[in-house]
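Below: one structure, written as structure tokens.
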There are 2 protein chains.
Amino acid sequence: MSRLSRDDIVAGAGRRFALYGYHGTSMRDLGDDLGILGSSIYAHIGGKQELLVAVVERGASFFETSAAHALDSATQPLEILRLLISGHIDVLIEHRSEARTYLTESFFLAEDERTKIIAARDAYEQVFADTIEAARDAGEARPDLDPRLAAIYVLSILNAIERWYDGHGRVSRENLIEDVSSFVRRGVCGEA
Amino acid sequence: MSRLSRDDIVAGAGRRFALYGYHGTSMRDLGDDLGILGSSIYAHIGGKQELLVAVVERGASFFETSAAHALDSATQPLEILRLLISGHIDVLIEHRSEARTYLTESFFLAEDERTKIIAARDAYEQVFADTIEAARDAGEARPDLDPRLAAIYVLSILNAIERWYDGHGRVSRENLIEDVSSFVRRGVCGEA
DNA sequence: CCTACCGATCGGTAGG
DNA sequence: CCTACCGATCGGTAGG
């Protein structure tokens, strides 16, 4: 057993925060998970709040990287939208703890940091809205669509996935991406 | 100032739990909100966990009442679905604290109560899935639709509303119901 | 519903 | 990373 790194501590905190919440996690709980004492954690970090900041920023960064990649990899709006969807699902599956903590515990950040994270989340949401608006302006989406509301609906479907998807059922990652993309495409483009 | 009732205490707990979470709320915080001491709350209830049970059960009951009403008020599947959507949004807006606590804090219930609430939530979700399946079997929805997944998507859009809708912006309750219903109807029925 | 209080647990620190 | 510890706060109770 070698010594733990700061990243180990942050990863452990992410798992705990995702499961029991920031306020439902004590430093002693976290220490137990890591095989050290709660007080020993303070050799690596300045405080509990600093751990939350680290986990949430990590979560946010994965989504931002995904959006940048989607915008770099396609030009057609509906193609970008599909990449945004698949990238978001990948982040949820591959970095579940950080993603979940980012989605549910950001409110407990201190004022300044919370403001930063909300701005980043709004910018990410705006990428979805802009993409949907571009699809509409290109005549690929229905003209009566409100891009901002549609972006919220798409992200609502996506963010809820970590609540119910376990990866071991009958729905594979590929099936999930396909099914969500199909539902969203009809919501955005479809006649009814 | 007359004495508080048990319902007053539960309502206050709902507001606190919705804002700061179960573990982020102390009995003294709650007492402050109610204008009494934290210890005085124990004159009305047995413990903090009992308060969570009361709030969550109240939240769940509003949704169940809404679903029962939707099933009673229509026979055509797509009409029922629209009533399920508008009823759900009404509950979110009119009983925001209880709804939010039900949606986000149920995990912190003790084992037995949590199992009960999860079963109730699954049954509610099943009403959505059955309605969508009925629409599909009646030829009103696209034949390749997975009713269970579609129900999850619809509820994901609905449940997220309490996270962003403030009721004071440019989107009225009626507009919101109309816009969500429209998006969902296309997702369920639409060509793309 | 308040006074007065309890043991347990909390986040965190000094020193090694 | 542990030992030993701190003041603050936690959920909760006895008695009025």
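Bear in mind the structure is a predicted one, so any value in this text is a computation, not a measurement. All values below were derived from every heavy atom in this structure, side-chain atoms included, with hydrogens, water molecules and symmetry-related copies excluded. Per chain, numbering begins at 1; letters A, B, ... match sequence-line order.
In this entry the distance linking CD1 of A:Ile41 with P of D:dC2 reads 10 Å, nearest Å. The separation between A:Asp32 atom CG and D:dC2 atom P is 11 Å, rounded to whole Å. When rounded to the nearest whole Å, the span between CG of B:Asp33 and P of C:dC1 equals 15 Å. Distance, A:Arg3 CZ to D:dC1 P: 5 Å, rounded to whole Å.
A:Glu111 has no carboxylate O lying under 4.0 Å from a charged side-chain N of A:Lys116, or vice versa, which leaves the two without a salt bridge.
Across every strand in view, C:dG16 sits in a pair with D:dC1 that passes the Watson-Crick or G-U test at under 3.5 angstrom.
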What does nucleotides 11-16 of chain C look like as a protein-contact string, B for base, S for sugar-phosphate only, - for none, at under 4.0 angstrom between heavy atoms? BBB---

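Here the straight-line distance linking atom CG of A:Leu145 with atom CD1 of A:Ile132 works out to 6.5 Å at 0.5 Å rounding. Between B:Ile9 atom CD1 and B:Glu50 atom CD the span is 11.5 Å, to the nearest 0.5 Å. Expressed to the nearest 0.5 Å, how far CG of A:Leu52 lies from CD1 of A:Ile45 amounts to 11.0 Å.
Counting non-hydrogen atoms under 4.0 angstrom, A:Leu4 reaches the backbone sugars and phosphates but no base. Counting non-hydrogen atoms under 4.0 angstrom, A:Leu37 reaches a base of the nucleic acid.
Checked against the 6.0 Å centroid criterion, the rings of A:Phe63 and A:Tyr102 qualify as a close aromatic pair.
Residues that satisfy the ring pair (Phe, Tyr, Trp, His ring centres under 6.0 Å) test with B:His23, not counting sequence neighbours, are B:Phe108.
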